[in-house]
Every structure is written in structure tokens, then in C-alpha cells.
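Keep in mind the model is a prediction, meaning the values are calculated, not measured. Residue numbers start from 1 in every chain, and the chains themselves are labelled A, B, ... in the order their sequence lines are given, proteins ahead of strands.
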There are 2 protein chains.
Amino acid sequence: MAHLTTSVEYALHGLLWLVDSDVALSTREIAEVQGISPSFLAKIFPRLEKAGIVSASEGVRGGYRLARAADQISFLDVVNAVEGDKPLFDCQEVRGRCALFGGNPPPWAISGTCAIHAVMIQAEKAMRDVLATQTLAAVSQRFSRKIPATYMADLREWFGDRHDRRTSRIGRPRREGPS
Amino acid sequence: MAHLTTSVEYALHGLLWLVDSDVALSTREIAEVQGISPSFLAKIFPRLEKAGIVSASEGVRGGYRLARAADQISFLDVVNAVEGDKPLFDCQEVRGRCALFGGNPPPWAISGTCAIHAVMIQAEKAMRDVLATQTLAAVSQRFSRKIPATYMADLREWFGDRHDRRTSRIGRPRREGPS
DNA sequence: GGAAATCTACTCGGATACCGCGTGTCCGAGTTATGGTGG
DNA sequence: CCACCATAACTCGGACACGCGGTATCCGAGTAGATTTCC
């Protein structure tokens with residue numbers, strides 16, 4: 001398992017579907033069009049909503065939309081929302097455990113940040129800076145440049161069919177018994 | 001658990017003890033002076049040796065020394081040695097799983113690197129670049145500036161006592177039976 | 001025809017299981033230096 | 001006096017247990033929208 005988890009990857013891929021969509025998409029739709037687990041994606045999106053990245057609408061034809069413009073959503077926003085800005089390195093404070101201190105480390109040994117920790121913080125900041133510069137809009141644009149027109153049409157059809165099938169069964173009570 | 005693990009932290013702290021040492025230090029000594037698990041540290045140092053960061057000498061008074069100058073050992077070297085340059089992000093290739101492809105993604109969809117993956121690679125590179133700039137010598141120097149002279153003397157005594165006790169018992173067969 | 005009931009699909013939240021990996025311990029094998037022992 | 005042996009401490013390597021957290025599934029509760037039913 002890497003530090004940037006699969007959850008983040010699924011969230012980002014899912015969000016890209018919302019960039020150009022004018023209707024709300026349910027987690028099930030997003031999951032199934034990508035061939036990933038609907039149950040798992042349904043656990044990720046609430047975190048994005050709590051972070052204000054997407055807004056949810058309930059009920060039939062409910063789903064998620066982007067809560068703000070795609071160029072205002074950075075990769076860092078998504079990572080923090082899904083993982084809760086988990087640190088890259090958690091210092092065990094080895095400094096203060098030196099045998100000579102006997103459990104009572106002197107102030108000079110534990111003041112400030114650990115020299116090793118400081119390097120790691122710097123490395124983490126460099127990583128996060130890169131994530132902060134990349135937005136959903138930029139990546140979406142970069143990606144849509146590769147897509148052939150026929151694929152776009154097929155996608156529209158796929159979502160259209162799904163949408164029709166969804167609403168056509170709403171509210172129709174069962175005529176007869178089970179099976 | 002973070003991406004830069006406790007093993008890396010222990011390795012770095014351990015290596016710092018070797019920077020200014022003219023004798024080889026055993027993993028047990030290094031672990032006990034720092035108050036960490038000797039068994040665990042003994043599992044980490046062989047990796048550093050395999051990577052050519054330290055050199056081991058066997059037998060009594062054996063132990064580890066730095067295999068090259070401390071300013072030629074970067075944090076990145078240590079991280080790679082201990083963790084085996086585990087990627088920050090492992091792409092699940094969601095691109096090719098789109099439902100429209102039906103298991104056979106077209107070449108345009110899976111050629112090149114995934115747009116999301118590319119961002120992560122860039123972020124990882126930024127992190128590794130920082131780690132590559134920091135050397136053991138630099139951090140050791142930064143740290144030794146904080147250490148009072150009395151502490152240095154105490155340390156020398158601690159290692160001296162240990163060394164004497166170690167050699168004074170070598171080769172002396174038990175005079176009497178157990179206990 | 002309009003209001004209420006019904007049904008469906010959705011989001012939300014929690015409970016649960018699985019599994020890989022990092023942490024930590026333990027033990028046996030092989031190696032080296034030291035000091036005692038026997039020729 | 002010298003060669004040999006026993007001992008202690010070390011590295012090396014693997015086996016093993018433990019626990020945490022990420023992945024993944026399932027289910028119940030509450031909600032919104034469309035249709036049918038009833039007055």
C-alpha cells in the first residue's frame with residue numbers, strides 16, 4: 001500500500017466524470033462506468049462532500065455534482081479530503097530516548113523539531129506543493145484531448161440509457177406477487 | 001503508518017551515531033544507546049549494508065561503519081535502501097476498465113501514462129529531490145551544534161565502559177557449573 | 001381533478017470481514033577474537 | 001613455547017506473531033421524485 005491510496009485514485013477518477021457533466025451522477029453510475037466497486041466508492045464520496053468538494057442531492061436522480069469550478073479543485077484538496085492530510089512521516093521522538101537521559105531528556109535535546117523530522121517535513125511540503133498546483137480542470141482538459149469523438153457519443157448514450165431506465169421504473173407498484 | 005516508515009527513522013538515527021565514530025558499532029550498542037529495540041534494528045542494518053551504505057565486520061568487536069563519507073550518503077539513499085524505493089502511488093489502471101470497452105480497452109485509452117498517475121509521479125519526484133539534497137553529514141553537523149560538551153564526554157564514557165566490559169569477558173570459560 | 005398513498009432509487013452512516021504490511025521478537029548458523037589447555 | 005580448543009560476542013538470515021489500517025461488502029434509515037389510487 002502506498003501513501004497515496006487507492007481511495008484517492010478512485011476519488012480523482014470519479015471526480016473527472018463530474019467535470020463536464022451537467023447532471024448529478026450517482027456513485028453507482030460513476031463506479032460502474034469505470035468498472036470499480038460501487039460499495040467502495042460510496043464510502044469515499046461522502047468525505048468529498050464533507051470537505052465541500054462535491055455537493056450531494058438525495059432521492060431519485062440524486063447524486064453528486066462539483067461544489068465549485070473544476071479549476072478551483074486541486075489534487076491536494078482531494079487528497080486531504082479522502083485521507084485527512086495524514087503526515088508522510090511520523091516522528092517517534094527518538095532524540096529523547098537516549099540511554100544517558102534515563103527517561104528524563106534535558107530541554108536542549110527535545111527543543112525545536114528533530115533534525116531528521118525537519119527534512120521529512122520539507123520533503124512532504126515539496127510533494128504537497130506539486131499536488132496543490134494541479135487542478136481537476138487541467139487534468140480533465142489534458143485527458144479530453146486524447147478522446148475520439150465516437151467515444152464521447154458512446155458515453156452520452158450509455159448515461160442516457162441508464163437515465164431512462166432509471167426513471168421509467170419509478171413509482172410503478174408491482175402488479176402481481178413475487179416472481 | 002506513514003509512507004516514510006519507522007524503519008527509515010531508526011536507520012537514520014542509527015547512522016548518525018556512525019558519522020563521528022572511529023570504531024565499528026554493533027546494532028545492539030546503537031539500539032540501546034537510543035532506547036529502541038535491538039532485534040528490530042538488527043533487521044534494518046543488513047539492508048543498509050546490502051545497499052553499500054555501511055560495511056559490516058563480523059566476530060567480536062564487529063559492527064558497522066559507514067562505507068563512504070557521510071557527505072556522500074543522502075537521505076534518499078537510506079530511504080531506498082530500507083524501503084526498496086516503494087512508489088508513493090501505485091496506479092490501478094482505472095482508465096482501461098471503462099464499461100464501454102468491455103474488457104478490451106482501445107490503444108488510445110491505455111497508451112502513455114495515466115494523467116492522474118503523471119501528477120503523482122511528479123509529486124513523488126519533488127519529494128525525492130528534497131531527500132536527495134540532504135546528507136548525513138549535513139544533518140549530523142546541524143545536530144552536533146546543539147550538543148553540550150559534557151554530553152559528548154558522557155557518551156564517550158558510555159561507549160568506553162561498554163567496550164571494556166565486552167572484551168574483558170571474551171574467551172574466559174566458565175570456572176564452575178551453571179549458576 | 002386533486003390529495004394521499006405507494007413504490008423506487010438514491011444518499012448516508014455504521015458494522016463487519018479480509019488481507020497485506022510494518023513492527024517487533026526469537027532462534028539457529030556461521031564467523032572472529034580472546035584466553036586457557038595440552039603436547 | 002606453540003598449536004589447539006573452548007568460549008563469548010558478533011553478523012546474517014529466516015520464521016513467526018501481532019496489530020493497524022486500507023480495501024471491500026452489506027444492511028438499515030431517511031429522503032426525494034414519479035405513479036397509482038382514492039375521495
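Distance, B:L41 CG to D:dG13 P: 16 Å, rounded to whole Å. Between B:R47 atom CZ and C:dT23 atom P there is a gap of 9 Å when expressed in whole angstrom units. Distance B:I44 CD1 to C:dT25 P: 11 Å, rounded to the nearest Å. A:I36 has its CD1 atom 11 Å from the P atom of D:dT23, to the nearest Å. Atom CD in A:Q92 sits about 15 Å away from atom P in C:dG22, given to the nearest Å. Here the C1' atom of nucleotide D:dA15 and the CZ atom of B:F40 are 16 Å apart, to the nearest Å. Rounded to an integer number of Å, the gap from NE2 of B:H3 to C1' of C:dC21 is 13 Å. In this structure, CG of B:D90 is placed 12 Å from C1' of C:dG20, rounded to the nearest angstrom.
Within a 6.0 Å sphere centred on CD of A:Q141, heavy atoms belonging to other residues, nucleotides or ligands number 12 at most. In the displayed structure, B:F143 atom CZ is contacted under 6.0 Å by at most 12 heavy atoms of other residues, nucleotides or ligands. Within a 6.0 Å sphere centred on CZ of A:R28, other residues, nucleotides and ligands contribute 12 heavy atoms or fewer. For A:K125, the NZ atom counts as loosely surrounded, since its 6.0 Å shell holds 12 or fewer non-hydrogen atoms of other residues, nucleotides or ligands.
The side chain of B:A56 has D:dT11 as its nearest neighbour among D:dT11, D:dA24, C:dG22. Out of C:dT32, C:dT23, D:dT25, the shortest distance to the side chain of B:E58 is found at C:dT32.
Regarding contacts with the backbone of C:dT23, every side-chain N or O of B:Y10 stays at 4.0 angstrom or more from both OP1 and OP2. Regarding contacts with the backbone of D:dT11, every side-chain N or O of B:K43 stays at 4.0 angstrom or more from both OP1 and OP2. Residue A:T27 places at least one side-chain N or O closer than 4.0 Å to OP1 or OP2 of C:dT11. Close to D:dA9, at under 4.0 Å from its OP1 or OP2, lies no side-chain N or O of B:S26. Between B:S57 and the phosphate of D:dT11, there is no side-chain N or O to OP1/OP2 separation shorter than 4.0 Å.
Between the side chains of B:W17 and B:E29, no donor N or O sits under 3.5 Å from an acceptor N or O.
Mapping B:K50 and B:R28 onto DNA chain D via the closest heavy atom, the residue that lands nearer the 5' end is B:R28.
Using a 4.0 Å heavy-atom cutoff across all strands shown, B:T6 reaches sugar-phosphate atoms only and no base atom.
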